[in-house]
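Just so it is clear: chains get the letters A, B, ... in the order the sequence lines come, proteins before strands, and each one is counted from 1.
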Number of protein chains: 2
Amino acid sequence: MLSNSSKYAIKAVLFLALNASEKKKVMVKDISEPINVPQAYIAKLLQSLVKEKIVSSARGPKGGFYLDETNMDHPIISIVNVIDGEKRLNSCLMSLKKCNEEKPCPLHNELSASRAQILNSLRSKTVKDLVKEVKLGNAFLPI
Amino acid sequence: MLSNSSKYAIKAVLFLALNASEKKKVMVKDISEPINVPQAYIAKLLQSLVKEKIVSSARGPKGGFYLDETNMDHPIISIVNVIDGEKRLNSCLMSLKKCNEEKPCPLHNELSASRAQILNSLRSKTVKDLVKEVKLGNAFLPI
DNA sequence: TCTTGAATATGATTTTTATCATATTTTATT
DNA sequence: AATAAAATATGATAAAAATCATATTCAAGA
Ligand code: FES
Ligand code: FES
């Protein structure tokens, strides 16, 4: 469904949203441990996210990663798109290509509605939305 | 979502259901071309499926693959389980482990219903069910 | 029973994904 | 300006998934 890398990235972004800010940046080594992802690995993922402006960063002493207000408004799918590419969640369930709506495969009619719902949630839910759920105690960050 | 291998396997099974029978077995080379999967690759997948009794086979001249009546009644998920293993569709969307229902991740509440629907369809729909849809012209086999 | 046509078992190779390592660049602090 | 602390760029290695190759086994038909 999602690659390991995407899962890691989502965890990291949410962790930052909850624990960092422009005036309290967090370094990779303080991210990797609580989210349980190897440091060098999450560092690389974060770099990709910074490049696409999904997260913010600053180097040098007092540097680190954080999310600014615009970062918080990104939909979760944008994280997945950066890490996994656009087509991962989009390909036909029976072939490697995307759905052919005129000639749907036998799984399409059965499953496409559910899949569309998932896509839709990932598109509409922002980092801020998920953070709110965690703050309300309705959801938890898995390690 | 599903691995390439699972998709290939599902295509092959459906192809057999539509084009083979105990008295009209089909050889790998006559399966691989129409479903557009390399021969040696689909051969290996079919061998796994035979071992788990998802498809039937016979060797020697006049041999080949086919589906008998019990094969036709297998749910699609059993194909996926043989090829991808049980946990592929089951892991938590944010971590590598399966859902923790008591402490759901922030994506869980949002997405688990849709995911459960998908699982449910794969569990309830049999090979025979999908074949029927194809025969009715409601669905098509992708190459 | 010999030959031939098929699946099967086994394993090698290639590609992709995941993971690790490090030299370079930037910036706050002294 | 010099130092040190951080991200960044880049690339190496390891593991897993996908793909390819082939020798072996089994069964039908001559
Ligand atoms: S055509 Fe296969 S899932 Fe849409
Ligand atoms: S999907 Fe994460 S806890 Fe269920």
Looking only at side-chain atoms of B/N4, point me to the closest of C/dT8, C/dC20, D/dA18.
D/dA18
Short side-chain N/O contact to D/dT19 OP1/OP2 from B/Y8, under 4.0 Å
yes
Whole-Å distance, A/L96 CG to D/dA17 P, equals 16 Å
Taking CG from A/L46 and C1' from D/dA6, how many angstroms apart are they, rounded to a whole number?
13 Å
Between C/dT17 (P) and A/R88 (CZ): distance, integer Å
7 Å
Given the rule that I, L, V, M, F, W and Y join up when any side-chain heavy atoms are under 4.5 Å apart, are A/L14 and B/L96 in one cluster?
yes
Any chance the side chains of A/T126 and A/D73 put a donor and an acceptor closer than 3.5 Å?
no
Of the nucleotides D/dA18, D/dA7, D/dT10, which one has an atom closest to the side chain of A/F65?
D/dA7
DNA chain C: A/A40 or B/G64, which has the more 5' nearest nucleotide?
B/G64
Looking only at D/dA7, D/dA9, C/dG5, the nucleotide nearest the B/P61 side chain is C/dG5
Can you tell me if the side-chain N/O atoms of B/S57 get under 4.0 Å from OP1 or OP2 in C/dT8?
yes
Looking at every strand, decide which applies to A/A43 at a 4.0 Å heavy-atom threshold: base, sugar-phosphate, or nothing.
nothing
A/L45 CG to D/dA9 P: how many Å, rounded?
14 Å
Is there a donor-acceptor contact under 3.5 Å from the side chain of A/S124 to the main chain of A/N120?
yes
Using atom NZ of B/K62 as one end and atom C1' of C/dA6 as the other, report the distance to the nearest whole Å.
12 Å
If you define the side chain from C-beta out and look only at heavy atoms, does anything of B/L111 sit under 4.5 Å from A/L122?
yes
Rounding to a whole Å, what distance do you find between A/Y66:OH and D/dA6:P?
16 Å
Using OP1 and OP2 only, check whether a side-chain N or O of B/S5 sits under 4.0 Å from D/dA18.
yes
Hey, which of these two, A/Q39 or A/G60, hits DNA chain C nearer its 5' end, going by closest nucleotide?
A/Q39
Could you state the atom-to-atom distance from CE of A/M27 to C1' of D/dA5 in whole Å?
8 Å
Which nucleotide sits closest to the side chain of A/Y41: C/dA18, D/dT25, D/dT8?
C/dA18
Quick one: CZ on A/R115 to NE2 on A/H108, what's the gap to the nearest 0.5 Å?
6.5 Å
For the pair made of NZ in B/K44 and P in C/dT8, what is the distance, rounded to whole Å?
14 Å
